[in-house]
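Worksheet for the structure shown next.
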Amino acid sequence: MSDDIKHILEKENLEKPDLVKLLSAGEEDRKLLFEKAMAVKEALVGKKVFYRGLIEFSNLCAKNCYYCGIRAGNKKQHRYEASEDEVLEAARYAWENRFGSVVIQAGERSGKNYVARIESLVARIKDMSKGELGITLSLGEQTEETYRRWFDAGAHRYLLRIEVSNPALYPTYHPVDKTHDYNARLEALYLLRKVGYQVGSGVMIGLPFQSVEDLADDLLFFQEHDIDMVGMGPYIEHADTPMYKYKDRLLPKMERFNLSLKMVACLRILMKDINIAATTAMQAIDPMGREKAIKVGANIIMPNLTPTKYRDDYLLYEDKPCTDEDAEECKRCLEARIHMAGGEIGYGEWGDSKHFKKRNPGNV
Ligand code: 5AD
Ligand code: SF4
Ligand code: FES
């Protein structure tokens, strides 16, 4: 078996059967995969880990994804929206601590007032930080005009996970209606690219009914769509969601975690110069989850800057870490963790995807 894996790891281009084998690798072979991924990372993106201070702006959401704890249909969920000043204060913390960038994330909403409010928030953050803070948005599917307004206000990266790249599986995890449409989501990724954003996407790993072949296709999807940055992590069940009924068909959590690590390693080998996040969901399963992800190819971490009083209300899944810690505690904790994982922190840098820069040489 090892010879087989060695041979695959020497190939110039990985194809679906190769990825399936790598994702199925056992203990010994896994080591080879991880070593190769680390070598690719060091050679192509270096040791630096970049911060994106995460501000979970609001848990209001108009959608009803079956897996998510803050879906509109979860009436048990207490709802909040942080004030503009609270967001600005969190962004100021990021700027003063030289985090380089912030991510503004919330459930998906639309409407004239909402769009205008985000636009003004982005402009105020830009202004406050003298243009220095990079701004990533993670606010779901919007119209081209909205994407453009937010881009013109100063946001330059956008995260929109495809969640699952197999269109046949999409309805398993989402209601079948106009607001949860696979093709519309794909179209949104194109629009983001067209407007000029660096585009991030991602998937969940270890969903019920998802196969290793599906996961290999997820990786090839990122390649095919020339994605600049990826955030992916294990699916973690949440008791107040429709998908909880499948909890007995899931892989054990540790296996979902191990599969996620292999996904990160394979992606680093497949798309050598993109940004890959060590996601919070990985740490929800393994206390050292994000460090392990850094060691096998991830180069982005999102320290939580959401005001502590709101953190308990942004529980997309169970056991989400850092809900009792404040920004200062997470900062100290992460610094130690990244150094332990052999990384360096790219303080004060945007840490844009090298992949994007290559595609748009004059743009950054
Ligand atoms: N487990 C893991 N990730 C989840 N997300 C939502 N619900 C869950 C869950 N139960 C992820 C989705 C979404 C991101 C913000 O959080 O991929 O895009
Ligand atoms: Fe809303 Fe996003 Fe959760 Fe779906 S995953 S219900 S769009 S917050
Ligand atoms: Fe938040 Fe460790 S990163 S407590």
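Position 1 is the first residue of the sequence; numbering continues from there. For ligands, and for the atoms within them, numbers begin at 1 and follow the listed sequence.
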Discussion item. With heavy-atom distances below 4.0 Å as the criterion, list the atoms of ligand 2 near Cys68.
Written reply: 3 (Fe), 5 (S), 6 (S), 8 (S)
Discussion item. If we check side-chain contact (heavy atoms from CB on, under 4.5 Å) with Leu267, which of these qualifies: Asp218, Val296, Val230?
Written reply: Val230
Item to complete: Evaluate the ring planes of Tyr147 and Trp150, with Trp represented by its six-membered ring, and classify them as parallel (under 30°), tilted (30 to 60°) or perpendicular (over 60°).
Response: perpendicular
Worksheet item: Going by the atom numbers of ligand 2, which of them fall below 4.0 Å from some non-hydrogen atom of Ile70?
Response: 8 (S)
Item to complete: Return yes when at least one protein heavy atom is under 4.0 Å from atom 2 (Fe) of ligand 2, and no when none is.
Response: no
Fill in: Where ligand 3 meets Leu334 - atom numbers and elements under 4.0 angstrom, heavy-atom basis
3 (S)
Discussion item. Would you say that Glu224 contacts Phe222 through its side chain, given a criterion of any heavy-atom pair below 4.5 Å between the two side chains?
Written reply: no
Discussion item. Taking the six-membered ring for Trp, are Tyr310 and Tyr80 closer than 6.0 Å centroid to centroid?
Written reply: yes
Worksheet entry | Protein heavy-atom partner closest to atom 11 (C) of ligand 1 - residue, atom, separation in Å | Arg161 NH1, 3.6 Å
Worksheet, complete the sentence: Counting from 1 in the order shown, the ligand 2 atoms closer than 4.0 Å to a non-hydrogen atom of Gly107 are 8 (S)
Worksheet item: Identify the closest protein heavy atom to atom 4 (Fe) of ligand 2: which residue and atom is it, and at what distance?
Response: Cys65 SG, 2.3 Å
Fill in: Check: Ala281 N/O within less than 3.5 Å of ligand 1 N/O
no
Worksheet item: What residue and heavy atom of the protein are closest to atom 16 (O) of ligand 1, and at what distance?
Response: Leu316 CD1, 3.3 Å
Practice prompt. Check each atom of ligand 3 against the heavy atoms of Cys330 and keep those under 4.0 Å away; list them by number with element.
Written response: 1 (Fe), 3 (S), 4 (S)
Worksheet item: So which protein heavy atom does atom 12 (C) of ligand 1 come closest to, and at what separation?
Response: Glu163 OE1, 3.3 Å
Worksheet item: Could an N or O of ligand 1 be found under 3.5 Å from any N or O of Tyr67, whether backbone or side chain?
Response: yes
Worksheet item: Quick one: are Glu349 and Phe50 in side-chain contact, heavy atoms under 4.5 Å?
Response: yes
Discussion item. Under 4.0 Å, heavy-atom basis, I'd like to know which part of Cys61 is in contact with ligand 2: side chain, backbone, both or neither.
Written reply: side chain
Discussion item. Within ligand 1, which atoms have a heavy atom of Cys68 less than 4.0 Å away?
Written reply: 7 (N)
Discussion item. Could you identify the single nearest non-hydrogen protein atom to atom 1 (N) of ligand 1 and state the distance to 0.1 Å?
Written reply: Ile236 N, 3.0 Å
Worksheet item: Are the side chain of Arg268 and the backbone of Gly297 linked by a donor-acceptor contact shorter than 3.5 Å?
Response: yes
Practice prompt. For Arg71, take its heavy atoms, then give the atoms of ligand 2 lying under 4.0 Å from any of them.
Written response: 6 (S)
Worksheet entry | Side-chain touch Glu325/Thr308, heavy atoms, less than 4.5 angstrom | no
Response to the item:
Residue, atom and distance of the protein heavy atom nearest atom 2 (Fe) of ligand 3 read Cys333 SG, 2.2 Å
Worksheet item: Just checking, Lys247 and Tyr244: is the charged tip under 6.0 Å from the six-membered ring centre and within 45° of the axis?
Response: yes
Worksheet item: Taking the side chain from Arg71 and the backbone from Asp240, do they hold a donor-acceptor pair closer than 3.5 Å?
Response: no
Discussion item. Using 2.8 Å as the threshold, say whether any N, O or S atom from Cys322 sits that close to atom 1 (Fe) of ligand 3.
Written reply: yes
Worksheet entry | Sidechain-backbone polar pair: Asp228 side chain, Val199 backbone, donor-acceptor under 3.5 Å | yes
Item to complete: Before giving the answer on salt bridge (Lys or Arg N to Asp or Glu O under 4.0 Å), spell out for Lys36 and Glu10 the whole-Å C-alpha distance, their side-chain angles and the decisive distance to 0.1 Å.
Response: CA-CA 9 Å; Lys36 169 80 182 189; Glu10 279 161 13; over 6 Å; no
Worksheet item: What about Tyr67 and Tyr235, are their ring centers closer than 6.0 Å?
Response: no
Fill in: Side chain, backbone, both or neither: the part of Arg290 lying under 4.0 Å from ligand 3 by heavy atom
side chain
Worksheet item: How far is atom 4 (S) of ligand 3 from its nearest protein heavy atom, and which residue and atom name does that atom have?
Response: Glu325 CG, 3.4 Å
Worksheet item: Is any side-chain heavy atom of Val49 closer than 4.5 Å to a side-chain heavy atom of Ile301?
Response: yes
Worksheet item: Who's the nearest protein heavy-atom neighbour of atom 3 (N) of ligand 1, and how far?
Response: Met204 SD, 3.5 Å
Discussion item. Using a 4.0 Å cutoff against the non-hydrogen atoms of Tyr67, which atoms of ligand 2 qualify?
Written reply: 5 (S)
Worksheet entry | Atom indices of ligand 1, in the order listed, that fall short of 4.0 Å to a heavy atom of Tyr235 | 1 (N), 2 (C), 9 (C), 10 (N)
Item to complete: State if Pro234 counts as touching ligand 1 under the rule of any non-hydrogen atom under 4.0 Å.
Response: yes
Discussion item. Just so I know, are the side chains of Leu189 and Ser201 near enough to count as touching, which here means a heavy-atom distance under 4.5 Å?
Written reply: yes
